[in-house]
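Inspection log for the structure reproduced underneath, given as structure tokens.
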Amino acid sequence: MLKVVLPDGSEKRFEKRVSPLDVASEIGAGLAKATVAAVMTTPETLDESGQPTRTVISATDLLPESGVVELRLLTKKDEEALDIMRHSCAHIMARAVMRLFPDVQLAFGPTTETGFYYDFWKKEPFTEDDFSKIEAEMTKIIAEDEPFERIEMKRDEAIALLKGAGQTLKVEHLETGLAENETVSFYRQGEFLDLCRGPHIPSAKFVGAFKIMSTSTSHWKGDVNNQALCRVYGTAFFDKKDLSAFLTQLEEAKKRDHRVLGKKHELFMVDPRVGSGLVVWLPKGAIIRKQLENLIYSELIKRDYQPMYSPVICRVELFETSGHYPYYADSQFPPITVDDGDRYLLRPMNCPLHIMVYESRPRSYRELPLRLAEFGNVHRFEQSGELSGLTRVRGFTQDDAHIFCTEEQVEEEFKNCIDMTLSVFRTVGFTDYEVRLSFRDWSSSKYVGDPEVWKKAQSSLERVCREMNLPKLDVVEGEAAFYGPKADFTVRDCLGRKWQLGTIQLDYNLPSPQRFNLKYVGSDGELHQPVMIHRAPLGSFERFTGILIEHFAAAFPLWLAPEQVRVLTISEKYEEYGKQVAARMKEAGLRVGLDLTSEKIGAKIRNGRNDLIPYLCVVGAKEEELGAVGVRGRKQGEMGAIEVGKFIADLQAEVAERRL
RNA sequence: GCUAGCGUAGCUCAAUCGGCAGAGCAGUUGAUUUGUAAUCAACAGGUUAGGAGUUCGAUUCUCCUCGCUAGCUCCA
């Protein structure tokens with residue numbers, strides 16, 4: 001006998017084996033119709049972390065014969081349900097593809113955050129013309145509304161079956177990835193049978209709306225050395241409305257693309273004559289960058305950092321000592337060899353130069369933590385296919401700093417770094433970011449440093465992050481750099497791609513005797529090795545500005561706006577007064593423009609609006625008489641006549657507060 | 001780097017089947033002197049990314065190079 005506990009605490013008992021769908025029917029026919037899948041928790045069996053085992057299962061999967069299970073039925077209102085349906089939709093797409101192109105082979109078809117994809121091996125790549133054919137076939141399959149049926153068998157049986165079907169990729173997957181006696185599952189939908197863990201929707205009609213989005217290539221098991229596969233991306237929703245909302249949102253997002261806005265508003269350029277991935281900051285973009293530099297600099301001073309400058313090019317030996325060269329040779333610009341045979345490298349990072357400062361004389365524990373900061377310009381030879389606007393470039397400037405401290409100081413310093421990053425993010429209004437703590441993979445031998453020190457560092461990093469209540473904190477084992485654990489702050493661009501901005505990294509490697517052999521004299525008079533922390537709250541000015549452009553859709557708050565105010569004259573008669581007003585504003589430290597063209601005021605307003613100027617100041621007879629400006633705020637609309645001195649003071653306050 | 005797609009004026013985009021390369025915006029000049037999202041007109045703007053080929057004739061077809069875009073891979 002099986003006891004099923006439902007979320008409301010009620011219990012149901014079953015003598016014969018039942019599925020979640022049967023349980024749903026017991027409760028009501030409506031619920032049975034709406035059930036997409038179920039979450040089953042078995043309190044009696046614990047998983048690795050000691051929690052009751054929790055599995056998402058198909059509505060038609062059979063529950064255990066006896067014992068106790070907690071069961072939560074999923075309908076399309078539940079978040080998990082969408083993912084399950086999309087996975088099923090991937091199967092439906094694969095089925096449609098198999099019908100249209102019988103000689104393709106199936107690879108994998110998982111869901112993504114916004115939909116799903118399926119990888120196929122196919123001689124000729126898919127074209128956009130194929131999209132509508134595939135979609136039409138999928139529509140047919142959904143109308144047929146056949147159920148998804150789970151079939152389990154032993155590995156060897158499955159291999160024989162797949163060999164018979166000519167699905168050699170799947171055969172290889174089973175042969176290399178699974179032990180002989182393991183049981184594997186298939187899902188069958190009509191004539192389509194696919195190796196799959198599940199779970200799936202009960203039948204095809206649960207797919208309410210779908211769309212094939214794009215194609216691309218991929219590689220079998222993600223390895224470039226393996227054969228190339230054709231990937232088809234799609235998305236699906238329970239409701240047509242949701243799909244069209246998603247598509248319009250996608251269109252809207254594209255309008256925020258920093259590459260488009262950067263061109264339109266003359267913020268930056270990347271010109272092939274300069275070089276791929278090498279950014280030229282146009283005057284307006286340079287102003288934004290300068291404001292960010294000012295923001296960071298004021299934080300540095302507050303937090304007892306010391307500024308320094310160092311060259312962007314230096315002898316290769318420095319990077320040989322650090323270990324970066326030749327390990328990262330592929331992603332560096334090749335060294336320059338000068339007459340006497342010396343080789344110089346365009347620096348791919350700043351740390352060795354900062355270490356030079358630390359090393360310039362013996363250090364005492366009394367001066368630790370030593371925090372050295374530089375807006376360090378670095379160059380990396382990124383793969384050409386990776387380059388993208390401001391977010392992935394070959395030359396960039398980090399808001400870099402290196403903290404040299406004792407082991408006991410690590411926690412406090414780490415905390416300070418997070419605090420600074422959060423403070424900067426808050427100032428620019430970033431709320432939608434994720435923090436990722438990357439830890440060591442204990443089974444790997446690639447890491448340097450004492451495991452005990454690592455353990456201690458990792459637990460203190462995690463403790464600090466928990467204490468600081470970071471939103472969306474993720475701990476990932478095995479993602480640490482070989483030299484130490486790190487915390488990364490990531491955000492998404494308008495196309496949903498994730499980018500790492502701020503980063504804080506502990507480093508036990510560079511100070512070590514194998515590298516720069518850094519020391520300080522402790523209070524005991526003995527020499528000790530310091531710990532280094534690499535940190536950059538913005539990451540780089542390039543990438544951060546790119547994300548910032550998209551965040552504000554180029555409508556920057558007053559303190560960041562390249563042109564903060566524009567004075568618009570009604571006619572030539574007020575040119576003198578307009579010039580006077582603009583001069584006063586400039587004198588007050590505002591970035592002011594002056595529109596003296598012979599356009600009508602409507603056109604000037606329109607131009608100012610399109611240029612996203614925070615404040616437009618109309619001046620004519622009335623304003624001249626009052627010593628005022630007719631203000632029109634980008635957010636506020638018409639604000640009426642304001643006395644010039646007061647208006648200037650208001651704006652100065654808004655800038656000083658860095659109001660958003 | 002790989003696979004696919006794309007590349008026409010500063011920008012956004014046209015150009016039928018291979019048959020005189022065109023428009024809007026921006027720019028320049030002139031007229032207009034204007035009260036809250038486009039005043040009118042004239043002018044100028046091109047090695048159709050670059051190169052080679054096929055053809056009487058190439059923006060259009062083929063090949064190569066460069067660049068851009070998406071995805072993959074990479075990311076100290």
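A, B, ... follow the sequence lines: proteins, then strands. Residue 1 opens every chain.
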Hey, does [X] reach any base, or is it just sugar-phosphate, or nothing, if we go heavy atoms under 4.0 Å?
{"X": "A/E623", "result": "base"}
{"X": "A/K573", "result": "sugar-phosphate"}
{"X": "A/G323", "result": "nothing"}

message = Reading RNA chain B from 5' onward, which residue's closest nucleotide shows up sooner: A/G385 or A/A621?
response =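 That would be A/G385.
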key: 5' priority, RNA chain B, between A/R394 and A/S214 [closest heavy atom]   =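 Upstream on the strand: A/R394.
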message = Between the base of B/rU32 and the side chain of A/S598, is there a donor and acceptor pair under 3.5 angstrom?
response =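 Result: at least one qualifying N/O pair found.
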inquiry  = At less than 3.5 Å, do the side-chain atoms of A/S276 and the base atoms of B/rG67 form a donor-acceptor pair?
reply    =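 Between B/rG67 and A/S276, which were checked side chain against base, a qualifying N/O pair under 3.5 Å is absent.
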Note: [X]-[Y] ion pair, threshold 4.0 Å (strictly below):
{"X": "A/E374", "Y": "A/R347", "result": "yes"}
{"X": "A/R535", "Y": "A/E413", "result": "no"}
{"X": "A/D223", "Y": "A/K221", "result": "no"}
{"X": "A/E624", "Y": "A/K573", "result": "no"}
{"X": "A/K255", "Y": "A/E252", "result": "yes"}

task = Mind calculating the distance between CG (A/L568) and C1' (B/rU36) to the nearest angstrom?
result =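 Rounded to whole Å, this separation is 9 Å.
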key: Length of the CD-C1' vector between A/Q332 and B/rC74, whole Å   =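 Whole-Å distance recorded here is 14 Å.
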Between [M] and [N] - [atom1] atom distance, rounded Å:
{"N": "B/rU48", "M": "B/rU8", "atom1": "P", "answer": "12 Å"}
{"N": "B/rA42", "M": "B/rA49", "atom1": "C1'", "answer": "32 Å"}
{"N": "B/rC17", "M": "B/rU55", "atom1": "C1'", "answer": "15 Å"}
{"N": "B/rA70", "M": "B/rC13", "atom1": "P", "answer": "15 Å"}
{"N": "B/rG22", "M": "B/rA37", "atom1": "P", "answer": "37 Å"}

Presence of [X] side-chain N/O under 4.0 Å of [N] phosphate oxygens OP1/OP2:
{"X": "A/Y233", "N": "B/rC72", "answer": "yes"}
{"X": "A/R380", "N": "B/rC75", "answer": "no"}
{"X": "A/R497", "N": "B/rA70", "answer": "yes"}

query = Which listed nucleotide (B/rA38, B/rC2, B/rC74) is nearest to the side chain of A/H219?
reply =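 It is B/rC2.
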query = Considering only B/rU34, B/rA70, B/rA37, which nucleotide approaches the side chain of A/S388 most closely?
reply =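 Of the options given, the side chain of A/S388 lies nearest B/rA70.
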